[in-house]
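Worth saying up front: this structure is predicted, and the values here are computed from it rather than measured.
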Amino acid sequence: MLVIITPPFMKTWRHDVADHFGLHFLPPYSPELNPIERVWKLIRRCCLHNRYFPTLDDVVSALEPRLRAWSRPNLTLKRLCGII
């Protein structure tokens, strides 16, 4: 089984390999199937929402503590990614 996101220009390729693989195509935009979308949504809500950042360094400074805390296994990320 191969799960792919296929742009329209690859339709010829899809037909050439369809006999050799079981292809399952994702919709063009499917955030519910991509766990990082849920993680990014929480990061934006917790760290970036309704704040002004004059420089990119300020954005990085706002994100670093949360990302550092999440660099170790934790319950929040497990829930967001559907692991538990």
Side-chain angles (χ1 to χ4, degrees):
M1 179 176 71
L2 181 63
V3 177
I4 58 175
I5 299 171
T6 309
F9 63 84
M10 293 187 70
K11 285 184 181 180
T12 305
W13 177 84
R14 290 189 334 206
H15 294 294
D16 291 345
V17 300
D19 295 335
H20 306 291
F21 297 99
L23 300 176
H24 299 277
F25 298 98
L26 295 177
Y29 181 70
S30 52
E32 68 280 358
L33 300 176
N34 191 354
I36 194 63
E37 295 284 348
R38 292 187 291 268
V39 173
W40 181 237
K41 182 178 180 178
L42 182 60
I43 287 175
R44 285 192 326 246
R45 191 179 308 141
C46 295
C47 303
L48 305 176
H49 186 69
N50 283 340
R51 293 183 57 192
Y52 169 70
F53 300 98
T55 68
L56 182 59
D57 287 336
D58 295 329
V59 174
V60 170
S61 295
L63 293 173
E64 275 183 336
R66 178 68 54 146
L67 295 175
R68 197 170 293 120
W70 285 353
S71 67
R72 293 174 299 283
N74 63 74
L75 190 58
T76 302
L77 286 181
K78 286 181 180 180
R79 284 186 177 152
L80 286 173
C81 296
I83 295 172
I84 60 167

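Remark: Asp58 pairs with Thr55 by the side chain to side chain donor-acceptor pair (under 3.5 Å) rule, at least two apart or across chains. In this structure, the side chain to side chain contact (heavy atoms under 4.5 Å, CB included) partners of Leu63, at least two apart in sequence or on a different chain, are Ile43, Cys47, Leu48, Val59, Leu67. With sequence neighbours left out, Ser71 forms a side chain to side chain donor-acceptor pair (under 3.5 Å) with no residue at all. In this view, Thr76 and Leu42, Trp70, Asn74, Leu80 satisfy the side chain to side chain contact (heavy atoms under 4.5 Å, CB included) rule, not counting sequence neighbours. Residues passing the side chain to side chain contact (heavy atoms under 4.5 Å, CB included) test with Arg68 are Glu64, sequence neighbours excluded.
Taken together through direct or relayed side-chain contacts under 4.5 Å among Ile, Leu, Val, Met, Phe, Trp and Tyr, Phe53 and Leu56 form part of one hydrophobic cluster.
Legend: side-chain hydrogen bond (donor to acceptor under 3.5 Å, both in side chains) pairs involving residues 39-48, not counting sequence neighbours: none detected.
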